[in-house]
Asks: 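Dumping the structure here so I can ask a few things about it.
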Amino acid sequence: MTDQGRLDRLTSMMRRRGIVLPSFEIYGGVSGLIDYGPVGARIKRRVVESWVDHWTSQGDVVEIDSPSITPKEVLVASGHVGEFNDHMSECRSCEGVFRSDHLIDEKHPNPDSLSGSEIDEVISGNDVTCPNCGENDWSPARPMNLMFPTTIGAMRSGREAYMRPETAQGMFMLYPSLFRHFKQKLPFGALQTGRGYRNEISPRQGMIRLREFNMAELEYFIDPEDPPVGDLSRWGSPVELLSDPEGEHPGIHNITFSDALNSGIVRHPTVAWFLARTWEFLVNVGIDSTKIRFRQHTGTEMAHYASDCWDCEIFGEYGWVECVGIANRTCHDLESHEEHSGTNLLRGWRQYPDPVLVKRDVLSPNGSVIGPIFKSKSSAVSEALSQLEGIPDEMPFELGLEDGTSVQITSEMVNRRNEEVNVHGEWFTPHVVEPAFGIDRIIWHIIDHAFDESGKEGEEYTILSLDESVTPYDISILPLFDKDGMDQIARSIASEINSIPGIRADLDTSRSIGRRYARADEIGVPWAITVDHSSLEDNTVTIRRRDDQMQIRVPIDVAIDSLRMGTLNGLF
RNA sequence: GCGGACAUGGUCUAGUGGUUAUGACAGCAGGUUCCCAACCUGCUAACCCGGGUUCAACUCCCGGUGUUCGCACCA
């Protein structure tokens with residue numbers, strides 16, 4: 001943590017200037033919910049757009065968009081209903097509340113797997129005392145799910161559902177469509193940005209822990225036997241990696257991504273690629289590269305779905321904060337959804353380099369004999385015959401059926417046949433590498449890192465030195481005086497600039513010019529055009545650069561064209 | 001969720017059981033000013049919500065909500 005004053009000034013500024021404010025404030029506010037105001041919403045839009053661009057520019061990643069409301073079955077399969085569901089036990093003596101599984105960690109090999117009543121049995125059978133007051137007087141364990149429950153449809157026929165705790169399930173639901181879209185070839189990825197909902201017990205720290213928050217997640221589907229290996233040599237500078245203290249390379253490493261992979265600190269090549277691309281994104285939107293580090297999860301803190309996980313942490317006013325999680329979710333989700341839904345569409349096809357000729361003996365059922373004998377059971381008999389591994393040498397033999405019963409098969413019922421087939425490939429469940437971004441946390445740190453109070457000529461002065469890709473406005477248009485024709489020129493410049501797609505100008509006409517520069521600097525507007533008396537005579541304006549307050553004079557059309565082309569810096 | 005502290009214009013704040021509830025900054029209108037929060041005049045704008053005590057509550061009490069600190073929690 002750094003000095004408290006700066007955090008207060010920063011959050012005050014963000015309220016005052018309409019960046020981020022508490023929601024529903026006239027009704028007292030709700031903790032864990034925030035609004036982006038007129039300035040903040042533009043910053044957020046640009047951060048999200050940069051993020052989507054960053055990943056879709058890879059060419060094998062597409063954007064999708066799916067509902068927040070998610071039927072319960074989906075979240076049962078994903079594990080969120082079960083695992084996401086911590087039990088809490090309350091001490092009747094001191095009213096302390098504790099996670100039940102933590103209380104019985106040492107009394108039971110796998111406390112996570114227990115139901116509420118089983119937990120209570122373990123607690124009462126083991127003389128578990130309250131860590132706070134030492135008493136042993138527990139109320140029954142209560143499940144405390146962090147998801148917001150809701151109902152789809154009205155009345156009793158409604159279907160149980162939850163607000164999604166992550167956007168990732170949307171990508172898994174759409175896997176069959178994505179597989180077709182990518183011509184049935186891995187690897188490919190899909191991403192979406194949107195809201196996620198977690199009913200946090202006690203959200204604190206402003207926009208760091210929210211109950212409704214903006215996520216941006218990418219699911220990258222790969223063949224685990226042929227994981228894509230990106231070119232990591234593009235990133236030459238070392239990055240801070242804190243590897244698993246229980247792993248093979250414990251400790252802090254200052255190392256390039258490429259060396260981290262080669263030395264085995266990062267275990268998976270595709271994960272390494274996403275670490276590097278994540279770092280690149282963060283730096284591109286203005287995160288200070290010296291305040292980024294990656295931390296590998298230990299086995300015990302890993303989410304239920306992940307087999308390997310790195311957090312990207314960013315340092316700011318709240319210390320090191322996890323802003324991105326990069327997880328190798330393996331085949332967990334797709335496999336579980338296949339099982340729960342009964343579909344077989346969540347697979348990838350692995351083509352063999354050369355077809356493999358497979359010879360095998362099969363017993364093909366003779367329907368005209370089997371039918372009359374087994375009647376309603378006959379289709380089960382045929383099915384069992386086709387599943388048979390290893391053909392019995394002697395007839396008759398006992399054939400086990402799926403329902404547990406068995407039947408006598410005689411030689412008249414089957415034809416022994418020698419089958420030869422060319423096998424061209426095989427189905428498998430793809431693995432998933434997932435970078436999951438907390439957009440609100442990233443926006444916080446972008447603004448934190450840009451918030452520069454170093455002052456100007458000894459006076460207090462703040463500049464929000466945002467990267468140009470995420471500023472709320474691209475430029476301010478300032479008539480030196482709001483009269484004498486300067487107002488007219490300023491208005492027409494503003495409207496011409498605003499007609500350029502994706503570029504926004506802010507026209508500010510009130511109070512002194514210095515005050516207006518200060519207002520623009522405070523919210524990070526990188527450029528200002530000032531219309532003055534000379535503009536009336538020769539159609540020139542001055543362009544002011546936020547970061548050094550330098551000014552140059554150019555013709556109006558040069559200013560606008562350079563803004564359009566993004567080449568204003570070249571004029572200085 | 002527990003315990004403590006706190007809650008006054010947009011922001012930061014002063015203060016009182018009873019008169020018109022401070023001040024600064026920001027904002028608005030006008031004046032002035034030929035480029036970096038200047039100055040002058042005027043203006044807008046607040047006691048978190050609900051109960052209770054009291055002749056009278058922004059002030060005291062209780063509850064709620066929010067903020068914050070510590071504990072717990074953070075998949």
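Per chain, numbering begins at 1; letters A, B, ... match sequence-line order. Reckoned from all heavy atoms, side chains included, excluding hydrogens, waters and symmetry mates.
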Asks: If U22(B) has a Watson-Crick or G-U wobble mate with both distances under 3.5 Å, name it; if not, just say none.
Replies: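 By the stated definition (distances under 3.5 Å), nothing pairs with U22(B).
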Asks: With the side chain of R544(A) defined as its heavy atoms from C-beta on, choose the nearest nucleotide among A37(B), C35(B), C36(B).
Replies: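 Closest nucleotide to the R544(A) side chain: C36(B).
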Asks: Toward the 5' end of RNA chain B, which comes first, P203(A) or T542(A), by nearest nucleotide?
Replies: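 Closest to the 5' end, via its nearest nucleotide, is T542(A).
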Asks: If we take the C1' atom in both C12(B) and G50(B), what is their distance in whole Å?
Replies: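 These two C1' atoms come out 28 Å apart once rounded.
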Asks: Given atom CG of D482(A) and atom P of C28(B), what is their separation to the nearest angstrom?
Replies: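 Rounded to whole Å, this separation is 11 Å.
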Asks: Using whole Å, report how far CD of E460(A) lies from C1' of A37(B).
Replies: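 That distance rounds to 11 Å.
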Asks: Could you work out the separation of C47(B) and C60(B) based on their C1' atoms and round it to a whole Å?
Replies: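 The same atom, C1', in both gives a distance of 15 Å.
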Asks: Salt-bridge test for R515(A) and D508(A): reply yes if a basic N is under 4.0 Å from a carboxylate O, no otherwise.
Replies: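 Result for this pair is no, no salt bridge flagged.
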Asks: Looking at A57(B), which nucleotide sits across from it as a Watson-Crick or G-U wobble partner, both distances under 3.5 angstrom, or is there none?
Replies: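 None - no nucleotide pairs with A57(B), as no candidate has both distances under 3.5 Å.
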Asks: Return the nucleotide paired to U32(B): Watson-Crick means purine N1 to pyrimidine N3 with N6-O4 or O6-N4, wobble means G-U with N1-O2 and O6-N3, both under 3.5 Å.
Replies: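 The answer is none; no pair meets the criterion.
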Asks: Using the P atom in both, what is the distance from A14(B) to G9(B), to the nearest Å?
Replies: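 Roughly 12 Å separates the two P atoms.
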Asks: Any strand counts, and the cut-off is 3.5 Å on both contacts for Watson-Crick or G-U wobble. Which nucleotide pairs with U67(B)?
Replies: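 Checking every strand shown, U67(B) finds its partner in A5(B), with both distances under 3.5 Å.
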Asks: I want to verify a distance call: between C35(B), U67(B), C28(B), whose nearest atom is closest to the S510(A) side chain?
Replies: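 When the side chain of S510(A) is considered, C28(B) is the closest of C35(B), U67(B), C28(B).
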Asks: What is the distance, rounded to the nearest whole Å, between atom CH2 of W527(A) and atom P of C35(B)?
Replies: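 Between P of C35(B) and CH2 of W527(A): 22 Å.
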Asks: Determine whether the side chains of T540(A) and R553(A) contain a donor N or O and an acceptor N or O closer than 3.5 Å.
Replies: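 Indeed, the side chains of T540(A) and R553(A) share at least one donor-acceptor pair under 3.5 Å.
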Asks: Heavy atoms, side chains only, cut-off 4.5 Å: are Q296(A) and L241(A) in contact?
Replies: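 Side-chain contact under 4.5 Å: no.
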Asks: Nearest to the side chain of Q549(A) - C36(B), C34(B), A37(B)?
Replies: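 Closest of the options to the side chain of Q549(A): C36(B).
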Asks: Give the ring-plane orientation class for W527(A) versus F572(A), where under 30° counts as parallel, over 60° as perpendicular and anything between as tilted.
Replies: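 W527(A) vs F572(A) ring planes: tilted.
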Asks: Please list, pair by pair, any protein nitrogen or oxygen found under 3.5 Å from a nitrogen or oxygen in nucleotides 7-12 of chain B.
Replies:
residue: U11(B); atom: O3'; partner: S12(A); partner atom: OG; Å: 3.4
residue: C12(B); atom: OP1; partner: S12(A); partner atom: OG; Å: 3.2

Asks: Just how far, in rounded Å, is C1' of C73(B) from CD of E322(A)?
Replies: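 Nearest whole value for this atom pair: 15 Å.
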Asks: With 3.5 Å as the limit, what N/O pairs link the protein to nucleotides 38-41 of chain B?
Replies:
residue: A38(B); atom: OP1; partner: R515(A); partner atom: NH2; Å: 2.6
residue: A38(B); atom: OP2; partner: S512(A); partner atom: OG; Å: 3.0

Asks: Is the number of heavy atoms from other residues, nucleotides or ligands under 6.0 Å of E322(A) CD greater than 12?
Replies: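 Counting other residues, nucleotides and ligands, CD of E322(A) exceeds 12 neighbours.
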Asks: Taking E338(A) for its side chain and L346(A) for its backbone only, find out whether a donor-acceptor pair lies under 3.5 Å.
Replies: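 Such a contact is found between E338(A) side chain and L346(A) backbone.
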Asks: Find the partner of A14(B): check Watson-Crick (N1-N3 plus N6-O4 or O6-N4) and G-U wobble (N1-O2, O6-N3) distances, both under 3.5 Å, and reply none if neither fits.
Replies: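 Looking at the geometry, A14(B) pairs with no nucleotide.
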Asks: Would you mind reading off the distance between L146(A) atom CG and G1(B) atom P, rounded to a whole angstrom?
Replies: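 For the pair L146(A) CG and G1(B) P, the rounded distance is 13 Å.
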Asks: Roughly how many Å apart are C71(B) and G64(B), using the P atom of each and rounding to a whole number?
Replies: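 Between the two P atoms, the distance is 23 Å.
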Asks: Which nucleotide, if any, forms a Watson-Crick or G-U wobble pair with A45(B), using both distances under 3.5 Å?
Replies: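 Partner of A45(B): none.
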Asks: Check the pair R6(A), D448(A) against side chain to side chain contact (heavy atoms under 4.5 Å, CB included), reporting the backbone distance first and the verdict last.
Replies: CA-CA 10 Å; R6(A) 182 176 185 273; D448(A) 182 337; 2.9 Å; yes
Asks: Please measure how far the C1' atom in A38(B) lies from the corresponding atom in C25(B), and state the result in whole Å.
Replies: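 Between the two C1' atoms, the distance is 15 Å.
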Asks: Under 4.0 angstrom, heavy atoms only, what part of the nucleic acid is S534(A) near: base, sugar-phosphate, or nothing?
Replies: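 Here S534(A) touches no strand at all.
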Asks: Using the P atom in both, what is the distance from U33(B) to C40(B), to the nearest Å?
Replies: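 These two P atoms come out 16 Å apart once rounded.
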Asks: Hey, are H80(A) and S78(A) close enough side-chain-wise for a donor-acceptor pair under 3.5 Å?
Replies: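 Yes, H80(A) and S78(A) have a side-chain donor paired with an acceptor closer than 3.5 Å.
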Asks: Given C36(B), C34(B), G66(B), identify the nucleotide with an atom nearest to the side chain of Y517(A).
Replies: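 The nucleotide sitting nearest to the side chain is C36(B).
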Asks: Any donor-acceptor pair under 3.5 Å between the side chain of D532(A) and the base of C34(B)?
Replies: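 In this structure, the two groups form no donor-acceptor pair.
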Asks: Does any nucleotide pair with C73(B) by Watson-Crick or G-U wobble geometry, both distances under 3.5 Å, and what is it?
Replies: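 Because no pair has both required distances under 3.5 Å, C73(B) counts as unpaired.
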Asks: Could you tell me how the ring of H337(A) sits relative to the ring of F172(A): parallel (under 30°), tilted (30 to 60°) or perpendicular (over 60°)?
Replies: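 Tilted, since the angle between the ring planes falls between 30° and 60°.
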Asks: Could you measure between the two P atoms, the one in C61(B) and the one in G17(B), and give it in whole Å?
Replies: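 My reading of the P atoms in C61(B) and G17(B) gives 13 Å.
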Asks: Would you find more than 12 non-hydrogen atoms of other residues, nucleotides or ligands less than 6.0 Å from R45(A) atom CZ?
Replies: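 Not more than 12 within 6.0 Å, no.
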Asks: For a quick check of understanding: with a heavy-atom distance under 4.0 Å over all strands, which category does F481(A) fall into, base, sugar-phosphate or nothing?
Replies: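 The answer is base, as F481(A) lies within the cut-off (heavy atoms under 4.0 Å) of a base atom.
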Asks: For C48(B) versus C58(B), give the span between their C1' atoms, rounded off to a whole number of Å.
Replies: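 These two C1' atoms come out 11 Å apart once rounded.
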Asks: Whole-Å distance between A37(B) C1' and I463(A) CD1?
Replies: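 Going from CD1 in I463(A) over to C1' in A37(B) covers 12 Å.
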Asks: Checking side-chain polar atoms at under 3.5 Å, does N498(A) have a donor or acceptor matched by the opposite partner on S495(A)?
Replies: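 Distance-only check fails for N498(A) and S495(A).
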Asks: Hey, what's the ring geometry for F281(A) with F437(A), parallel, tilted or perpendicular (30° and 60° as the breaks)?
Replies: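 Correct class here is perpendicular.
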Asks: Could you state the atom-to-atom distance from CD1 of I513(A) to P of C36(B) in whole Å?
Replies: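 Nearest whole value for this atom pair: 9 Å.
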Asks: Mind calculating the distance between CZ (F24(A)) and P (C49(B)) to the nearest angstrom?
Replies: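 Going from CZ in F24(A) over to P in C49(B) covers 19 Å.
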Asks: Starting from the 5' end of RNA chain B, give me the residue, F213(A) or E522(A), whose nearest nucleotide shows up first.
Replies: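 It is E522(A) whose nearest nucleotide is closer to the 5' end.
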Asks: Where the side chain of R209(A) is defined as all heavy atoms beyond and including C-beta, which of C36(B), C73(B), U33(B) is the nearest nucleotide?
Replies: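 Closest of the options to the side chain of R209(A): C73(B).
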